[in-house]
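Here's the structure we're looking at; comments come further down.
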Amino acid sequence: MRIAIAGGGLGGLTLARVLHRYGIDAVVYEREASRSARQQGGSLDLHPESGQLALAEAGLADRFRSEARPEGEEHRIVDPTGRTLVHHEPQPGSLSGRPEIDRGVLRDLLLDSLPRDMVVWQRRLVAATPRPDGGWDLTFHCGHRASCDILVGADGARSVVRSLLTDVELSYVATLVELSIEDVDRRHPDLAELVGAGNLWCVGVNQILAAQRLGDGSLRVGISLRAADRPIDTYRSKRALLDMFAGWAPRLTALIEAGDSAPTPRLIETMPIGTRWTSRPGVTLIGDAAHLMPPVGEGANQAMLDGAELASRLAANPADPDAAIRAYEEGMFSRIHPVAAMSARVQAMMLSPTAAADIVRFFTAQPAEPSFAD
């Protein structure tokens with residue numbers, strides 16, 4: 001089998017790693033120029049039943065434990081006055097829950113576990129054409145071409161591969177605006193103390209101001225707002241953001257003022273809950289390409305589990321990869337449906353008029369936090 005994986009994110013790399021452990025060759029085509037071409041985002045809480053399970057299948061559980069930050073599970077929820085509503089502190093040094101790890105560190109861990117020639121950089125897939133004898137001809141933006149027997153779309157929210165299987169439309173559900181604050185302990189000790197070792201959520205009416213500690217000593221600030229008609233460029237101004245949080249405690253809005261660069265907004269889109277497709281020979285999807293959900297803590301975990309499960313299916317049935325793909329898809333559809341429904345409920349709850357009371361009840365029932373860094 002010549003397997004091509006479009007996308008070198010966490011799901012695609014997990015798939016490649018587990019295939020490699022089974023002795024199955026694959027090539028990952030990644031659009032970025034190198035592993036350091038851009039900042040990879042915030043910190044992730046890896047769940048035992050999904051992300052951590054996938055890393056165990058990849059033979060990387062020990063490496064993960066050596067890099068994880070169990071103290072990052074700390075989270076504090078406050079109201080716009082700064083009054084604490086919930087404060088969860090994990091057991092010191094315990095890795096039994098959902099320890100945090102920076103997305104970039106996790107990606108490097110996976111990359112380092114692969115042969116160097118298994119990932120081809122600067123290859124953004126623009127088209128896949130079925131071959132008469134089966135398989136696919138691949139065309140990349142730079143004019144390069146390749147072919148494969150099996151094509152796996154791990155190419156994210158705007159997946160090119162998805163169009164081979166379904167014409168599902170995405171829905172705009174929220175806006176997320178991000179800022180970063182470098183060297184926070186030295187430059188902004190008051191903000192470092194406010195956020196602590198993990199996550200801070202400041203919950204208002206239809207809006208959340210959140211901050212997250214990363215392992216490199218920086219803070220990642222995220223502002224979640226309801227889907228609106230405002231042009232997205234509105235959110236590139238700190239002044240406009242501060243106006244949206246007028247009346248909030250100054251020690252909270254200081255998280256916006258301290259941002260080291262202009263705010264970066266992006267639209268949060270999702271696929272319809274229960275999305276399925278009719279299986280097609282030689283092609284399938286994992287991660288956001290298969291089941292784009294709100295970023296509330298499940299996306300990366302489910303993408304990695306997708307990769308591990310697909311690899312295991314292909315390894316168990318190398319004589320009939322199409323049957324392996326069908327088995328993977330049926331299992332994935334069943335697993336994802338309740339996860340996607342829960343994620344949608346959490347997203348709606350977070351940006352509701354009664355969000356503070358709703359979130360307190362949610363955390364009282366299950367103290368593991370959603371994450372805007374998903």
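If you read the sequence from its start, that first residue is 1, and numbering goes on from there. Every value quoted in this text rests on a predicted model; they were computed, and no experiment measured them.
Using modelled atom types, no side-chain atom of Asp149 and backbone atom of Gly282 make a donor-acceptor pair closer than 3.5 Å. Judged by distance alone, the side chain of Asn199 and the main-chain N or O of Gln212 form no donor-acceptor pair under 3.5 Å. Remark: the backbone N or O of Thr234 is not paired with any side-chain donor or acceptor of Ser237 at under 3.5 angstrom. The closest donor-acceptor contact from the side chain of Asp102 to the backbone of Leu214 lies at 3.5 Å or more, if one exists at all. At least one donor-acceptor pair under 3.5 Å links the side chain of Asp216 to the backbone N or O of Ser218. For the pair Gln40 (side chain) and Arg103 (backbone), a donor-acceptor distance under 3.5 Å is absent. At least one donor-acceptor pair closer than 3.5 Å links the side chain of Gln52 to the backbone N or O of Leu46. A donor-acceptor pair is defined here as one N or O able to donate and one able to accept, closer than 3.5 Å; no such pair exists between the side chain of Asp288 and the backbone of Ala157.
Of the N and O atoms on the side chains of Gln122 and His141, not one donor lies less than 3.5 Å from an acceptor on the other residue.
In this structure, the side chains of Met304 and Leu106 come closer than 4.5 Å at one or more pairs of heavy atoms. Side-chain contact between Arg98 and Glu73 is present, with at least one heavy-atom pair separated by less than 4.5 Å. Within the 4.5 Å cutoff, the side chain of Arg361 has no heavy atoms near those of the Met349 side chain. Leu114 has its side chain within reach of Arg17: a pair of non-hydrogen atoms, C-beta onward, lies under 4.5 Å apart. In this structure, Arg107 and Leu110 have side chains that are not in contact, with every pair of non-hydrogen atoms separated by 4.5 Å or more. Looking only at side-chain heavy atoms (C-beta outward), Trp248 and Gln207 come within less than 4.5 Å of each other. Here the side chains of Leu170 and Met271 are in contact, with some heavy-atom distance below 4.5 Å. Tyr22 is listed as a side-chain neighbour of Glu57, based on a closest heavy-atom distance under 4.5 Å.
Under the rule for a side chain to side chain donor-acceptor pair (under 3.5 Å), the partners of Asp185 that lie at least two apart in sequence or sit in another chain are Arg213. Among residues two or more places apart in sequence or in another chain, the side chain to side chain contact (heavy atoms under 4.5 Å, CB included) test is passed with Pro115 by His20, Asp117, Met118. Scored by the side chain to side chain donor-acceptor pair (under 3.5 Å) test, Ser34 finds Ser36 as partners (sequence neighbours excluded). Under the rule for a side chain to side chain donor-acceptor pair (under 3.5 Å), Asp190 has no partner lying at least two apart in sequence or in another chain.
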**OP:** Output, in order, the C-alpha distance, side-chain angles, deciding distance and verdict of side-chain contact (heavy atoms from CB on, under 4.5 Å) for Arg230 and Met244.
**Re:** CA-CA 12 Å; Arg230 301 186 189 196; Met244 294 175 194; 2.8 Å; yes
Original post:
Run the side-chain contact (heavy atoms from CB on, under 4.5 Å) check on Leu314 and Ile3 step by step: do they pass?
Top reply: CA-CA 10 Å; Leu314 289 169; Ile3 300 175; 4.1 Å; yes
**OP:** Could you walk me through whether Leu255 and Val195 pass the side-chain contact (heavy atoms from CB on, under 4.5 Å) test, one step at a time?
**Re:** CA-CA 10 Å; Leu255 289 164; Val195 175; 4.2 Å; yes
**OP:** Give the C-alpha distance, both sets of side-chain angles, the deciding distance and a yes or no for side-chain contact (heavy atoms from CB on, under 4.5 Å) between Leu85 and Asp79.
**Re:** CA-CA 7 Å; Leu85 304 175; Asp79 67 14; 4.2 Å; yes
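Atom CG of Leu252 is separated from atom CG of Leu200 by 7.0 Å, given to the nearest 0.5 angstrom. A distance of 6.0 Å separates OG1 of Thr253 from CG of Leu242, quoted to the nearest 0.5 Å. Taking OG1 of Thr84 as the start and CZ of Arg76 as the end, the distance is 5.5 Å to the nearest 0.5 Å. Note: Leu241 CG to Leu225 CG = 7.5 Å, rounded to the nearest 0.5 Å. Considering OG1 of Thr166 and CG of Leu164, their distance stands at 11.0 Å, rounded to 0.5 Å. We find the CG-CD1 distance between Leu125 and Ile5 to be 13.0 Å, quoted to the nearest 0.5 Å.
Of all the heavy atoms in Ala146 and Phe140, the pair that sits closest is CB-CE1, 4.0 Å. Scanning both residues, Ile24 and Ala315, for their nearest heavy atoms gives CD1-CA, 3.8 Å. Here the closest non-hydrogen pair linking Ala174 and Gln347 is CB-NE2, 3.3 Å. Looking at every heavy atom in both residues, Arg251 comes nearest to Leu194 through NH1-CD1, 3.2 Å. Scanning both residues, Arg131 and Ser147, for their nearest heavy atoms gives NH1-CB, 3.7 Å. The minimum heavy-atom distance between Ala341 and Ile273, with the atom names listed, is CA-CD1, 3.8 Å.
Only one option out of Thr270, Val339, Val173 pairs with Met293 in a side chain to side chain contact (heavy atoms under 4.5 Å, CB included); it is Val339.
Ile286 and Val168 are assigned to two separate hydrophobic clusters, defined by single-linkage of ILVMFWY side chains at heavy-atom distances under 4.5 Å. At a threshold of 4.5 Å between side-chain heavy atoms, the hydrophobic network of Ile, Leu, Val, Met, Phe, Trp and Tyr places Ile256 and Ile232 in one connected group. The hydrophobic clustering, which links ILVMFWY residues whose side-chain heavy atoms are closer than 4.5 Å, places Val283 and Val126 apart. Placement of Met342 and Leu292 in two distinct hydrophobic clusters is found when ILVMFWY residues are connected by side-chain heavy-atom separations under 4.5 Å, directly or transitively. Residues Leu19 and Leu60 share a single hydrophobic cluster, defined by chaining ILVMFWY side chains whose heavy atoms lie under 4.5 Å apart.
Around CD of Glu169, the count of heavy atoms belonging to other residues, nucleotides or ligands within 6.0 Å does not exceed 12. Atom CZ of Arg38 has more than 12 heavy atoms from other residues, nucleotides or ligands within 6.0 Å. Remark: Asp183 CG is packed, more than 12 non-hydrogen atoms of other residues, nucleotides or ligands lying under 6.0 Å away.
Salt-bridge annotation for Glu182 and Arg187: absent, with no side-chain N of the basic residue lying under 4.0 Å from a carboxylate O of the acidic one. The pair Arg162-Asp155 fails the salt-bridge criterion, with no side-chain N (NZ, NE, NH1 or NH2) lying under 4.0 Å from an Asp/Glu carboxylate O. Using a 4.0 Å cut-off between charged side-chain N and carboxylate O, Arg35 and Asp112 make a salt bridge.
Pairs engaging residues 324-341 under the side-chain hydrogen bond (donor to acceptor under 3.5 Å, both in side chains) rule: Arg276-Glu330, Trp277-Glu329, Ser279-Glu329, Thr284-Glu329, Gln302-Arg335, Asp306-Arg335, Glu309-Arg335 [sequence neighbours left out].
The other residues sharing a hydrophobic cluster with Leu305 are Leu53, where clustering joins ILVMFWY side chains under 4.5 Å apart.
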